[in-house]
Amino acid sequence: MWQILINRFKQGYRTIAYPKQVPGFPGRYRGRPVDVKGPVNLGELLFNEEAAAEGCFTYSKDHRMAVSNKEDLVAQGDEIRLAGALNDKMKRLFGRSLKLRQVCAGGCNGCEAEIQVTNIVVFDLSRFGIQFVASPRHADGLVITGPVTKNMELALKKTYEAMPHPKIVIAVGSCAISGGPFRGSTEVRNGADSVVPVDLYIPGCPPHPLTILDGLLRMLDRLEKKQ
Amino acid sequence: MSFERFYVHNGQAWALAQVPVLDEVSFRREILESCAAAGRLVSLFAHGPKDKNICIYAVVGMDHEGRLSVFSMQVPAGKTGFESLTPVLPQAHLFEREIAEQSGLQPQGHPWPKPVRRHQNYSFYQIHSEEVHEVAVGPVHAGIIEPGHFRFQCHGEEVLNLEIQLGYQHRGIEKMMEEISLERAVLVAESVAGDTVIGHTSAFCSNIEALSDTQVPLQAEMIRAMALELERLANHVGDLGALSTDIGFLPVSAYYGRLRGEFLNLSMELCGSRFGRSLCRPGGVLFSLDEGMIDDFRRRLLKAKKDFTDVAELFFSTPSVLSRLESTGRISRQAVEQLGLVGLTARACGHERDVRTDYASGMFRFHHIPVSTASSGDVYARALVRRLEAQRSIEFLLEALQQIPSGELLNKPSRLKPDSMALSMAEGWRGEIAHVAITDSQSRICRYKIKDPSFNNWMALSLAVRGGQISDFPLCNKSFNLSYAGHDL
Amino acid sequence: MNSFIYHLGILLVFPPLLLGVIGKTKAFFAGRWGPPLLQGYYDIFKLGRKQPVYSVTTNWIFRMGPMISTAAILAAGIVLPISGLKAPVQFGGDMILFVYLLALSRFFMVLAALDTGSSFEGMGASREATFACLSEITIFLNLAILALLSKSLSLSGIFLGGLSSSWGQVGPVLILVVVSFFLVLLCENSRIPVDDPETHLELTMIHEVMVLDHSAAELALIVYGQALKLFLFGCLIVSMIFSFKIRNIAAEAAFFTSGFFGLGIAIGIVESAMARLRLNRVLYVLYAAFIFSIFAFIVILVRGHA
């Protein structure tokens with residue numbers, strides 16, 4: 001046990017000061033597209049290096065990309081309309097306690113890995129009262145990853161129906177928004193909103209944990225006003 | 001009656017016409033004989049080009065010789081099946097089920113002829129008894145994890161049988177590879193299994209390079225090898241953290257989680273993605289490290305090495321942890337041989353199976369990473385192998401940082417050769433990845449076969465929990481940490 | 001009447017705070033900020049405002065289960081003195097009522113779990129019932145020891161000064177009893193090393209798996225009930241340790257509150273320092289608790305409870 005205490009003092013507090021401070025991203029990070037000449041759909045974008053040249057835009061270091069409406073994913077110029085807060089009733093209900101249930105509907109495990117990371121010490125989702133729970137009956141929000149394969153469609157629907165009202169749905173990753181790299185395959189449904197209504201779209205392939213955090217906090221209106 | 005065996009190496013392409021075509025009896029005998037003589041089935045798949053008969057291809061690897069034997073069998077038109085190898089050669093079991101599902105050819109005599117990725121007509125094995133109860137878990141699991149269905153037959157807390165039904169993440173990748181452009185195909189290869197981006201993408205790129213006779217620059221080979229080891233490192237550390245969480249040893253799991261983040265961030269520095277996306281492309285890589293980055297990487301890796309050593313020491317010396325890990329989920333050496341298990345799972349039972357050593361390609365032809373093994377085949381052994389491999393990967397990275405060759409990053413590949421076949425293998429962090437590509441007369445890919453190490457290894461989980469406690473299942477599952485997406489494609 | 005309201009108030013308000021303390025301690029050890037101290041309250045209030053979802057396989061037992069269960073725990077709280085306050089209800093033998101009210105609560109939780117017809121809840125229920133066999137005997141033994149020492153069969157008699165001289169005379173025996181109670185607390189309230197309250201592994205859960213199907217207000221009742229049960233067990237331990245009489249109510253309250261925070265931190269430290277035991281080893285924790293009790297009991301009997 002003493003070893004644990006010693007280790008703890010060696011490692012120190014590692015949670016970052018987000019949202020008060022946003023950590024810097026390295027130079028090659030591919031954040032939100034800016035300088036967009038032809039429209040770019042963030043929900044279909046795979047954030048690969050070639051896309052910038054093909055789509056005539058540049059990747060910025062901005063991690064903020066979550067939106068509430070699917071139309072807001074189409075970026076033109078420099079700005080996009082970021083996600084707004086939930087309505088007052090939901091905000092009061094979920095503002096301090098939001099329990100999420102994650103369903104992987106055919107994802108490759110990239111988005112799941114980044115969602116798991118939001119729980120770790122560095123990002124520490126639990127300090128905002130947001131937690132992932134084991135049962136849909138305990139959950140307020142459904143987090144969907146993956147393009148919704150035919151084999152997972154029923155399980156996804158059942159999970160959604162098992163959640164008590166009021167509930168929200170969050171689509172994380174390019175696959176959950178539009179099918180991602182698998183768009184057009186006969187085995188997938190090309191995104192979550194073909195099956196359930198979606199309240200928050202978080203683009204990326206996979207989205208950085210801070211993008212996911214930003215989306216969740218923006219939805220709960222927990223970000224500092226100056227941002 | 002023998003024929004001239006056709007041997008190939010990892011990362012080679014050859015004309016389709018060079019592959020020996022055998023009749024069914026010889027094909028069967030050849031597989032059984034080569035596997036009896038220290039060979040191992042690396043791939044067995046059906047290819048049914050339009051207007052032609054279905055062909056079954058076999059790739060048998062000779063681990064100790066570093067080469068693979070390729071041969072095939074033509075199925076006459078109108079024949080709906082073939083004699084199953086599984087009763088005599090268990091390692092063929094899942095390959096034959098996949099052939100049945102993809103081509104319709106039924107393996108006659110297969111003891112377990114069930115679908116692999118489809119869910120119609122799937123009936124579960126059940127034990128009918130007053131005292132045995134059935135527990136079904138999934139596809140939606142309680143944690144943040146991929147979907148799969150587990151059907152247990154239990155007597156109280158003891159597991160009598162576990163049947164695993166996968167296929168929930170079947171996205172139709174192999175079919176897509178035949179229809180999309182190469183530019184899009186590499187993006188799909190990156191997403192076969194999102195935690196094994198470098199493994200699958202480098203195998204894909206290697207196939208394209210072999211098929212187009214493109215020489216990959218040395219610097220690119222080095223960057224690819226470094227990225228592969230970085231991926232291995234991040235995942236092994238993540239797995240150790242997950243094991244800690246599953247046994248409730250929370251502070252240590254927090255430290256491991258943070259360390260993994262550090263490695264993911266190194267990947268992001270290199271190529272802009274924490275998982276290595278947009279790094280490997282046919283012909284080379286898109287990014288490399290400049291002087292400043294090399295120094296920064298070295299500094300961070302040295303610190304991570306120290307942190308990892310401290311945390312691992314704490315983890316592996318805590319009695320309550322050891323009591324939980326030892327003797328849980330044991331599989332035998334015999335199981336590894338019979339089922340053809342690969343990768344980490346095999347090495348934890350004492351088998352020295354590692355593509356980087358056995359079928360070395362790329363930078364691994366010049367830099368030798370010692371194979372890490374353990375002997376008890378239980379959860380502890382698999383955790384130990386992860387620790388050893390992580391340490392060796394850090395050593396490799398530190399060495400490699402000082403020896404990155406200069407030069408080009410990418411040689412753009414030219415047109416693919418028509419009517420050819422290519423094979424490339426990589427040691428992903430879970431185990432052996434094997435990609436086989438076949439082109440048609442228009443130089444388009446007409447068959448792309450992907451084999452993730454999870455394809456070989458899911459059976460090991462079924463065996464590992466047999467006779468154990470059902471509450472040990474999550475720990476066993478985590479100790480293998482197999483890919484659902486990689487299996488389902 | 002006033003003291004009754006006061007007592008009930010503490011029972012209703014304090015328990016989620018204890019959960020918060022444990023959570024913050026664990027977070028400290030992990031090097032993270034962790035959920036706010038008041039997170040338990042936020043969760044319970046939010047759950048109360050959601051609409052429930054019921055399985056088609058369940059009936060009235062499923063809906064009544066949480067209500068009866070939590071009510072039973074609350075009733076048990078009413079016979080237990082807290083922080084020098086007399087329990088609103090006390091009579092000779094009320095310690096037996098205490099244990100059986102807790103057993104009643106468990107019974108209805110198990111019934112509600114079995115009502116869902118799911119094999120998970122069934123497994124959890126069978127595990128719960130198995131461990132209860134040992135833990136209840138241990139609690140009875142411990143209470144019997146305390147009754148012998150304080151010459152009273154009422155919880156109020158035991159904890160309101162009945163033990164004041166015992167620490168001096170039979171201190172080591174009381175330490176055994178405290179350790180035994182602590183082990184039972186870990187088991188009954190599904191703390192590591194017995195069970196991981198935050199685990200997402202459905203096959204390893206004991207208590208959490210029984211409540212997987214509850215939602216909304218019933219879940220709120222269950223969450224509160226679990227916190228209250230932890231609080232009651234904590235009361236037993238803290239009351240045993242702080243069994244000296246102080247005239248000043250404020251000082252008593254201060255000692256008690258700090259005792260509780262200390263207990264919360266102790267539970268947090270135990271949870272952070274140990275890994276979770278394999279399920280079949282959990283029984284050994286209970287055996288240990290039982291053996292400590294038996295030993296203490298024999299010593300008291302033989303030595304004479306002077």
Side-chain angles (χ1 to χ4, degrees), chain A residues 3-4 7-8 10-11 14 25-30 46-50 59 101-117 119-123 132-136 143 146-147 149-152 155-156 158-159 175 180-182 184-188 205-206 208-209, chain B residues 117-119 138-147 167-173 175-176 180 183-184 187-188 190-195 197 238 241 251-255 257-258 260-261 264-265 268-275 277-278 286-287 307 310-311 314 317-318 483-486 488:
Chain A
Q3 261 226 296
I4 293 183
N7 237 298
R8 161 67 183 79
K10 266 198 210 167
Q11 307 255 353
R14 295 304 184 124
F25 285 90
R28 294 176 183 171
Y29 168 67
R30 290 181 284 275
L46 298 180
F47 290 84
N48 54 319
E49 189 67 17
E50 297 91 342
Y59 286 111
R101 178 77 267 256
Q102 193 267 343
V103 172
C104 173
C108 69
N109 205 26
C111 291
E112 283 80 30
E114 296 295 56
I115 294 177
Q116 276 171 0
V117 162
N119 276 319
I120 68 164
V121 174
V122 175
F123 300 104
F132 281 89
V133 289
S135 168
V143 176
T149 53
K150 279 194 196 149
N151 286 337
M152 270 306 281
L156 180 62
K158 280 191 175 177
T159 309
C175 285
F182 308 105
S185 165
T186 48
E187 301 289 335
V188 305
C205 190
H208 191 274
Chain B
R117 300 178 179 113
R118 303 244 171 254
H119 293 161
V140 179
H141 295 294
I144 305 172
I145 198 173
E146 302 167 82
Y168 289 92
Q169 287 174 288
H170 181 53
R171 296 149 289 169
I173 291 185
K175 187 143 178 302
M176 279 181 84
I180 55 181
E183 287 78 31
R184 204 174 150 204
L187 297 177
V188 172
E190 281 184 342
S191 295
V192 169
D195 49 23
V197 173
V252 166
S253 78
Y255 302 147
R258 194 185 52 78
R260 174 169 175 259
L264 293 178
N265 285 334
M268 186 156 72
E269 296 266 358
L270 172 61
C271 63
S273 160
R274 281 155 55 96
F275 295 94
R277 288 174 188 254
S278 284
L286 291 183
F287 298 100
D307 283 344
D310 286 343
V311 180
L314 178 60
S317 57
T318 305
S483 176
Y484 302 74
D488 292 345

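Each chain gets a letter, A, B and so on, in the order the sequences are listed, and its residues count up from 1. Just so it is clear, the structure is predicted and the values come from calculations on it, not from any experiment.
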Note to self: Quick check on A:Cys205 against chain B: is it the side chain, the backbone, both or neither that has a heavy atom closer than 4.5 Å?
What the structure shows: both
Notebook entry, point to check: Checking heavy atoms, do the side chain of A:Thr159, its backbone, both or neither come under 4.5 Å from chain B?
Noted result: side chain
Check: Where on B:Phe275 is there a heavy atom nearer than 4.5 Å to chain A: the side chain, the backbone, both, or neither?
Finding: side chain
Notebook entry, point to check: Nearest 0.5 Å, what's the CG-CG distance between B:Leu187 and A:Asn48?
Noted result: 4.5 Å
Check: What part of B:Arg274 is in contact with chain A, defined as an atom under 4.5 angstrom from a non-hydrogen atom: side chain, backbone, both or neither?
Finding: side chain
Check: About how many Å separate CD1 of B:Ile144 and CG of A:Asn109, when rounded to the nearest 0.5 Å?
Finding: 11.0 Å
Note to self: When you measure from the side chain of B:Asn265 to the backbone of A:Pro26, do you find a donor-acceptor pair of N or O atoms at a distance under 3.5 Å?
What the structure shows: no
Check: Can you name the closest pair of heavy atoms from A:Phe182 and B:Val188 and give their distance?
Finding: CE2-CG1, 4.1 Å
Next item on the list: Please determine, among A:Glu49, A:Arg30, A:His208, the option with the most heavy-atom pairs under 4.5 Å with chain B.
Entry: A:Arg30
Notebook entry, point to check: Is the shortest side-chain N to carboxylate O distance from A:Glu187 to B:Arg118 below 4.0 Å?
Noted result: yes
Notebook entry, point to check: So which part of A:Val143 gets closer than 4.5 Å to some heavy atom of chain B, the side chain, the backbone, both or neither?
Noted result: neither
Next item on the list: Against chain B, label A:Pro136 side chain, backbone, both or neither, depending on which of its atoms sit under 4.5 Å from a heavy atom there.
Entry: neither
Check: Got a second to check how far B:Asp195's CG is from A:Glu112's CD, nearest 0.5 Å?
Finding: 9.5 Å
Next item on the list: Name the region of B:Arg260, side chain, backbone, both or neither, that has any atom closer than 4.5 Å to a heavy atom of chain A.
Entry: side chain
Check: Is there a donor-acceptor contact under 3.5 Å from the side chain of A:Ser185 to the main chain of B:Arg171?
Finding: yes
Note to self: Is B:Met268 in contact with chain A via its backbone, its side chain, both, or neither, using a 4.5 Å heavy-atom distance?
What the structure shows: both
Item checked: Separation between CG of B:Asp488 and CG of A:Asn151, rounded to the nearest 0.5 Å -> 8.0 Å
Item checked: Greatest number of heavy atom pairs closer than 4.5 Å to chain A - which of B:Ser253, B:Ser483, B:Pro139, B:Cys271 -> B:Cys271
Margin query: Quick check on B:Leu286 against chain A: is it the side chain, the backbone, both or neither that has a heavy atom closer than 4.5 Å?
Written below: side chain
Next item on the list: Heavy-atom pairs under 4.5 Å with chain B are the metric here; pick the option from A:Gln102, A:Lys150, A:Gln116, A:Arg101 that has the most.
Entry: A:Arg101
Notebook entry, point to check: Which atom pair, heavy atoms only, marks the closest approach of A:Cys108 to B:Val192?
Noted result: CB-O, 4.4 Å
Notebook entry, point to check: What are the two closest non-hydrogen atoms of B:Ala485 and A:Gly107, and how far apart are they?
Noted result: CB-O, 3.9 Å
Note to self: Shorter than 4.5 Å, heavy atoms on both sides: which option in A:Phe132, A:Tyr59, A:Phe25, A:Phe47 has the most such pairs with chain B?
What the structure shows: A:Phe132
Notebook entry, point to check: What part of B:Leu270 lies closer than 4.5 angstrom to a heavy atom of chain A: side chain, backbone, both or neither?
Noted result: both
Item checked: Selection from B:Glu190, B:His119, B:Glu183 maximising heavy-atom pairs under 4.5 Å formed with chain A -> B:His119
Check: How long is the span from the CD atom in B:Gln169 to the CE atom in A:Met152, to the nearest 0.5 Å?
Finding: 8.0 Å
